[in-house]
Amino acid sequence: MSKGITSRNSDYSQWYNELVTKADLAEHSAVRGCMVIKPYGYAIWEKMQATLDKMFKDTGHSNAYFPLFIPKSFFSKEASHVEGFATECAVVTHYRLKNDGNGNIVVDEEAKLEEELIVRPTSETIIWNTYKGWVQSYRDLPILVNQWANVVRWEMRTRLFLRTAEFLWQEGHTAHATQQEAVEESERMMNVYADFVENWLALPVVKGVKTENERFAGAVNTYCIEALMQDGKALQAGTSHFLGQNFAKAFDVKFTSKEGKLDYVWATSWGVSTRLIGALIMAHSDDAGLVLPPKLAPIQVVIVPIYKTDEEKAKIDILADTLIAELKQKGISYKYDDRDTQRPGFKFAEWELKGVPVRIAVGSRDMEQGTVELARRDTQNKETVSQVGLVDRIAALLEEMQQSIYNKALAFRTENTVEVNSYDEFKRILDEKPGFVLAHWDGTSETEKRVKDETKATIRCIPLDSKEEPGICIFTGKPSKQRVLFARAY
């Protein structure tokens, strides 16, 4: 195509990187490992944010905000948590700069902090230190709080949206009087994420629990949703953690129960990030550019006028005004691209690259015949249709496209999910036909680690809907109760 994007088949990684930048979603910044999310990319995040925010509030949660900086001592209170994040932490040691007399700005060595501050990699510690002052009695529970924030995890190998040193996300942190309530909350939020990813991102997911090796640092159990990208690699699309009483004990958060007994509260945390934009791109897009599910497209319909004279343009403007009024009424986002600096063919390619679901092209002959050319981005089909009832037709088409994009992703996942019964078959499938591999595992961390070291495949999850099926581990030959989901992953 004119924008010159590398094809997925020749170099999937290069295709992804070029698509992110050429579709104006994001770009690398002057800060190593960090990105600039451009307006078009941020508009997608805003739609995700608005939808998720409503889903959180519909399930009883409220938003709050906690500090970006966390005292280093907080991390030492929960051993497994600090161990999980220690290698990724950015640390603030000084609070002032000075001029060295030679025109250089340097750190003022005399302005050293008494205690170093960690730039938030996740907020469990600062939040649980805060909750200690919020909770005395069972009447103070549950606490159902969400935070929209940025976090920093010092990644050495980065990729736009998928893995950057700083990224945007939401993190829910809840406190409960009973273990059952906390487990139910963890499962509820996993299901909220699955609902969002399947019905808005149009991306099917596998719901499951992580193994001990893959569990969140400090969690008793981690629930997750796993999605399959077009290159056959898995992507973790969301996680929800049952934290038990670990953080409550670390920060001494106790409450008096109805029976007058003093006990530690039960906790959860859960989050999704701008990584979902990466999932959206990799799951659906093609060699011509983005393919955006209509529900998350910043612009759902673009109207391109084709004319030679001002008189022809004036007539098309009248039609466009009518269509725009009707689109507004139906809550459909639009763009009337009447720029006179670009030819129609350039505009078609640009909006195709940006993944706008529906394109309307209208010229002087269309005006005479009462028609328009209607093109859908997902299949690239075009048809000439009547101007009468056009917006109703578009509304129905957007719904159809949302479902069609999901169905295509589901068919791809089904086609690329394989059961294997031997280690040789497992390795062959991973190399020849990447995707999800369902295989028996003996349940030990040692086996999981050895398989990962040898094949780079990890256990993505133990699927919640998998049936018990006695078998033997593909690696050790020891007994196994059920198959688990393996894949190479982002």
Side-chain angles (χ1 to χ4, degrees), residues 1-5 18-27 36-47 281 285-292 294 296-395 397-398 401:
M1 61 170 292
S2 60
K3 291 281 183 181
I5 289 181
E18 289 179 7
L19 184 48
V20 170
T21 55
K22 291 185 177 182
D24 264 348
L25 298 177
E27 64 187 26
V36 174
I37 304 176
K38 298 179 80 172
Y40 194 64
Y42 200 80
I44 295 173
W45 178 240
E46 283 180 315
K47 290 196 107 172
I281 298 162
S285 302
D286 59 26
D287 290 351
L290 296 175
V291 173
L292 297 178
L296 291 178
I299 301 167
Q300 293 169 307
V301 178
V302 63
I303 305 166
V304 179
I306 303 171
Y307 59 92
K308 291 180 180 175
T309 68
D310 290 344
E311 185 182 354
E312 289 174 354
K313 169 69 163 49
K315 290 179 181 176
I316 297 171
D317 284 346
I318 293 169
L319 173 64
D321 286 344
T322 302
L323 292 176
I324 286 168
E326 292 181 35
L327 290 168
K328 273 185 182 176
Q329 198 170 18
K330 287 194 175 290
I332 297 170
S333 57
Y334 62 88
K335 170 79 175 176
Y336 183 39
D337 189 356
D338 63 348
R339 291 174 292 172
D340 58 10
T341 54
Q342 305 292 354
R343 297 177 65 83
F346 178 92
K347 296 175 185 178
F348 291 173
E350 180 178 13
W351 296 116
E352 184 175 61
L353 175 66
K354 291 194 167 189
V356 173
V358 173
R359 186 186 74 228
I360 299 168
V362 55
S364 55
R365 185 177 296 176
D366 291 303
M367 292 304 295
E368 291 169 8
Q369 297 177 350
T371 60
V372 301
E373 181 187 78
L374 193 64
R376 55 186 286 178
R377 176 63 186 88
D378 60 336
T379 61
Q380 297 183 305
N381 287 347
K382 300 178 204 169
E383 58 179 333
T384 300
V385 302
S386 171
Q387 293 173 9
V388 177
L390 178 59
V391 172
D392 285 336
R393 185 181 189 126
I394 288 169
L397 181 59
L398 291 171
M401 289 174 68

Atom [atom1] of [X] and atom [atom2] of [Y]: how far apart are they, to the nearest 0.5 Å?
X: Leu327; Y: Tyr336; atom1: CG; atom2: OH; result: 13.0 Å
X: Thr384; Y: Leu374; atom1: OG1; atom2: CG; result: 9.5 Å
X: Asp337; Y: Phe346; atom1: CG; atom2: CZ; result: 9.5 Å
X: Leu353; Y: Arg377; atom1: CG; atom2: CZ; result: 8.5 Å
X: Glu312; Y: Tyr307; atom1: CD; atom2: OH; result: 10.0 Å
X: Ser364; Y: Ile316; atom1: OG; atom2: CD1; result: 6.5 Å

Please give me the minimum heavy-atom distance between [X] and [Y], naming the atom from each residue.
X: Lys354; Y: Asp24; value: NZ-OD2, 3.7 Å
X: Pro294; Y: Met401; value: CG-CB, 4.0 Å
X: Ile303; Y: Pro305; value: O-CD, 3.8 Å
X: Pro298; Y: Ser333; value: O-OG, 3.1 Å

Kindly say whether [Y] contributes a backbone atom to a donor-acceptor pair with the side chain of [X] at under 3.5 angstrom?
X: Thr371; Y: Ser386; result: no
X: Gln329; Y: Ala325; result: no
X: Asp317; Y: Ala320; result: no
X: Gln342; Y: Lys347; result: no
X: Tyr334; Y: Gln300; result: no

Presence of salt bridge, [Y] and [X], under 4.0 angstrom:
X: Glu368; Y: Lys315; answer: no
X: Asp378; Y: Arg376; answer: yes
X: Lys330; Y: Asp392; answer: yes
X: Arg359; Y: Glu352; answer: no

I'd like to know whether CG of Asp310 has more than 12 heavy-atom contacts from other residues, nucleotides or ligands below 6.0 angstrom. no

Partner of Glu350 under salt bridge (Lys or Arg N to Asp or Glu O under 4.0 Å), chosen from Arg339, Lys22, Lys335: Arg339

Measure the shortest side-chain to side-chain distance between [X] and [Y] over non-hydrogen atoms and say whether it is less than 4.5 angstrom.
X: Lys313; Y: Lys308; result: no
X: Arg393; Y: Val385; result: yes
X: Val356; Y: Val301; result: no
X: Val304; Y: Ile360; result: no
X: Gln369; Y: Arg365; result: yes
X: Leu290; Y: Trp351; result: no
X: Glu373; Y: Val362; result: no
X: Val291; Y: Ile281; result: no

Run the side-chain contact (heavy atoms from CB on, under 4.5 Å) test on Leu323 and Leu390 for me, step by step, so that the C-alpha distance in whole Å, both residues' side-chain angles and the decisive distance to 0.1 Å come before the verdict. CA-CA 8 Å; Leu323 292 176; Leu390 178 59; 3.7 Å; yes

Going through the distances and angles, do Lys38 and Leu25 end up as a side-chain contact (heavy atoms from CB on, under 4.5 Å)? CA-CA 5 Å; Lys38 298 179 80 172; Leu25 298 177; over 6 Å; no

